[in-house]
Participant: 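Please see the structure below; I have some questions.
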Amino acid sequence: MIKFFRKTRQKLLQENRFSKYMLYAIGEIILVVIGILIALQINNWKDYKKNRVEEQQILKNFKEDLETDKKLLDEFKGKALSYSKSADTILLSINEAVPFDPNKFIGHASAIISNIYFESSSSTFDQSLSTGKIDLVENAELRKELLEYYKLTKLNFEDKRISETNQNFVFPEVFSQIVATKEVSEQLTGIATKLPQFDLHSLATNRAFSTWVILKKLAFREQSINYTELSEKVMDLISKIDEEIEGNN
């Protein structure tokens with residue numbers, strides 16, 4: 001093809017047909033430009049198809065991570081509700097509103113000093129953010145919602161605040177009032193001690209102890225509500241990801 005063009009140009013020059021030569025040259029340039037544009041278009045199309053394939057995989061990975069989050073959130077919601085009931089049982093027991101069972105009481109006490117801390121499965125988010133591939137998610141609204149979700153769950157100020165309160169205040173109070181007693185200590189260690197006996201009346205009149213049990217009940221209830229809302233958000237994101245995957249097929 002190049003040889004043909006060269007021969008044509010040479011023929012026109014030899015025949016002194018300069019005006020036709022110029023027109024021919026311009027036409028040749030236009031053809032070259034069109035060829036380049038077509039090549040660029042084909043290349044852009046190939047890149048676009050490649051990006052869409054990669055986007056599909058990223059969306060599927062996001063979905064898997066979110067499904068893991070959903071299971072954890074449902075599990076933690078159940079724990080939070082159960083631990084909240086344990087706090088109720090402790091308050092009822094020390095006020096003699098229900099029969100006292102030392103073994104069960106210890107179990108409920110262990111529950112209220114427990115920490116529940118949700119951390120999202122963010123491997124896909126972390127990788128796509130660090131590589132810039134989060135931008136391959138074409139749906140701007142979905143991309144924004146994913147960014148907001150992981151920003152919220154990775155920082156997780158609510159669980160962090162509750163955990164710090166538990167560690168700094170609730171655990172020491174519950175530990176000193178319940179665990180550090182003769183019955184509980186001997187049951188846990190099998191070693192006779194000279195610690196004071198377990199005293200329900202003392203617990204019932206201990207304002208600090210009751211305060212922290214009530215605070216833990218409220219904290220668990222707050223966590224249960226938070227996990228419910230996050231679970232609903234996760235379900236909504238999974239639904240939108242499914243729609244996006246279907247729309248790209």
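Because the structure is predicted, anything quoted here is derived from the model rather than measured. Worth knowing before you read on, the calculation uses all heavy atoms, side chains too, and leaves out hydrogens, waters and symmetry mates.
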Participant: Between E67 and I238, which heavy-atom pair has the shortest distance, and what is it?
Facilitator: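 Answer, listing the atom of E67 first, then I238: CG-CD1, 3.8 Å.
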
Participant: Between K50 and E54, does the salt bridge (Lys or Arg N to Asp or Glu O under 4.0 Å) criterion hold? Intermediate values first, please.
Facilitator: CA-CA 6 Å; K50 180 184 175 183; E54 197 165 0; 5.9 Å; no

Participant: Using a 3.5 Å distance criterion without hydrogens, assess whether the side chain of S224 forms a donor-acceptor pair with backbone atoms of F220.
Facilitator: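 Not a single qualifying donor-acceptor pair exists.
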
Participant: Can you measure from CD (Q223) to OG1 (T228) and round to the nearest 0.5 angstrom?
Facilitator: 11.5 Å

Participant: Could you check whether E138 pairs with R52 (Lys NZ or Arg NE/NH1/NH2 to Asp/Glu carboxylate O, under 4.0 Å)?
Facilitator: yes

Participant: Please round to the nearest 0.5 Å and tell me the distance separating atom CD1 of I241 and atom CG of N61.
Facilitator: 10.0 Å

Participant: Does the side chain of T68 pick up a donor-acceptor pair with the side chain of S121 at under 3.5 Å?
Facilitator: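 Per modelled atom types, T68 and S121 side chains form no pair under 3.5 Å.
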
Participant: Indicate yes or no for a side-chain donor-acceptor contact from K182 to the backbone of T193 under 3.5 Å, with no hydrogens or angles considered.
Facilitator: yes

Participant: Please indicate whether E148 has more than 12 foreign heavy atoms, meaning atoms of other residues, nucleotides or ligands, lying under 6.0 Å from its CD.
Facilitator: yes

Participant: What about L92 and I90, same hydrophobic cluster or not, with Ile/Leu/Val/Met/Phe/Trp/Tyr joined at side-chain heavy-atom distances under 4.5 Å?
Facilitator: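 Not linked; separate clusters.
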
Participant: Has the side chain of K216 got a donor or acceptor atom that lies under 3.5 Å from a matching backbone atom of S114?
Facilitator: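 Yes: the side chain of K216 pairs with the backbone of S114.
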
Participant: Using modelled atom types and a 3.5 Å cut-off, is there a donor and acceptor pairing between side-chain atoms of S130 and backbone atoms of D126?
Facilitator: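 Judged by distance alone, yes, a pair lies under 3.5 Å.
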
Participant: For L91, is there any backbone N or O sitting under 3.5 Å from a side-chain donor or acceptor partner on N95?
Facilitator: yes

Participant: Are any of the side-chain heavy atoms of I116 and Y227 separated by less than 4.5 Å?
Facilitator: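 Yes, close enough: below the 4.5 Å cut-off.
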
Participant: Test side-chain contact (heavy atoms from CB on, under 4.5 Å) on K77 and S231; report intermediate values, then the result.
Facilitator: CA-CA 9 Å; K77 176 188 173 183; S231 181; over 6 Å; no

Participant: A87 and V213: which non-hydrogen atoms are nearest, and at how many Å?
Facilitator: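 Closest heavy-atom pair between A87 and V213: O-CG1, 3.6 Å.
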
Participant: Counting distance only, does the side-chain N/O of E244 pair as donor-acceptor with the main-chain N or O of L59 below 3.5 Å?
Facilitator: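 No, because the side chain of E244 does not come within donor-acceptor range (under 3.5 Å) of the backbone of L59.
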
Participant: Atom CG of D242 and atom NZ of K60: how far apart are they, to the nearest 0.5 Å?
Facilitator: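 Taking CG in D242 and NZ in K60, the distance rounds to 11.0 Å.
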
Participant: Between Y83 and A111, what is the shortest heavy-atom contact and its length?
Facilitator: CD2-CB, 3.6 Å

Participant: Without hydrogens or angle criteria, can the side chains of S122 and D65 be said to hold a donor-acceptor pair below 3.5 Å?
Facilitator: no

Participant: Are E222 and N226 linked by a side-chain donor-acceptor pair shorter than 3.5 Å?
Facilitator: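 Judged by distance alone, the side chains do not pair up.
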
Participant: With a 4.5 Å limit on heavy-atom distance, are the side chains of T205 and I94 in contact?
Facilitator: no

Participant: Applying a strict under-4.5 Å side-chain criterion to I, L, V, M, F, W and Y, I'd like to know whether M235 and F125 cluster together.
Facilitator: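 M235 and F125: separate clusters.
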
Participant: Is it true that a side-chain atom of S128 and a backbone atom of T124 form a donor plus acceptor pair closer than 3.5 Å?
Facilitator: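 Indeed, once roles are kept as given, a pair shorter than 3.5 Å links the two residues.
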
Participant: Locate the shortest heavy-atom distance separating I58 from K133; write the atom from each residue and the value.
Facilitator: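 So the two residues come closest at CD1-O, 3.7 Å.
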
Participant: Measure across V234 and L66 and return the closest heavy-atom pair with its distance rounded to 0.1 Å.
Facilitator: CG1-O, 3.3 Å

Participant: Considering the options K217, H108, K104, which one meets the side chain to side chain donor-acceptor pair (under 3.5 Å) requirement together with S86?
Facilitator: H108

Participant: Roughly how far, to the nearest 0.5 Å, is CZ of F62 from CD of E55?
Facilitator: 11.0 Å

Participant: Who clusters with V53? Use side-chain heavy atoms, under 4.5 angstrom, across I, L, V, M, F, W and Y, and order the result by chain and number.
Facilitator: none

Participant: Could you tell me which residues satisfy ring-ring contact (aromatic ring centres under 6.0 Å, His included) with F105, sequence neighbours excluded, listed by chain and number?
Facilitator: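 Only F100, F198 meet the ring-ring contact (aromatic ring centres under 6.0 Å, His included) criterion with F105.
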
Participant: Heavy-atom count around R143 CZ within 6.0 Å, excluding the residue itself: above 12?
Facilitator: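 Atom CZ in R143 is packed in, count exceeds 12.
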
Participant: May I ask whether L230 and L81 are part of the same hydrophobic cluster, defined by side-chain heavy atoms of I, L, V, M, F, W, Y residues being less than 4.5 angstrom apart, directly or through others?
Facilitator: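 L230 and L81: separate clusters.
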
Participant: So, Y149 and D69: side-chain donor and acceptor under 3.5 Å apart, yes or no?
Facilitator: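 Indeed, the side chains of Y149 and D69 share at least one donor-acceptor pair under 3.5 Å.
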
Participant: Flag yes if I245 and L146 sit in one hydrophobic cluster, no otherwise; membership is Ile, Leu, Val, Met, Phe, Trp, Tyr, and two members link when side-chain heavy atoms are under 4.5 Å apart.
Facilitator: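 They do share one cluster, since a chain of ILVMFWY contacts under 4.5 Å joins I245 to L146.
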
Participant: Starting at CZ of R207, measure out to CD1 of I214 and round the result to the nearest 0.5 Å.
Facilitator: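 One gets 10.5 Å once the value is rounded to the nearest 0.5 Å.
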
Participant: Not counting sequence neighbours, which residues clear salt bridge (Lys or Arg N to Asp or Glu O under 4.0 Å) with K144? List them please.
Facilitator: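 By the salt bridge (Lys or Arg N to Asp or Glu O under 4.0 Å) rule, K144 matches no residue at all.
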
Participant: Shortest non-hydrogen contact from S120 to T153?
Facilitator: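 So the minimum-distance heavy-atom pair works out to OG-OG1, 3.0 Å.
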
Participant: Hydrophobic clustering (ILVMFWY, side-chain heavy atoms < 4.5 Å, transitive) - are L218 and I225 grouped together?
Facilitator: no

Participant: Does K233 come within less than 4.0 Å of E145, counting only side-chain N to carboxylate O?
Facilitator: yes

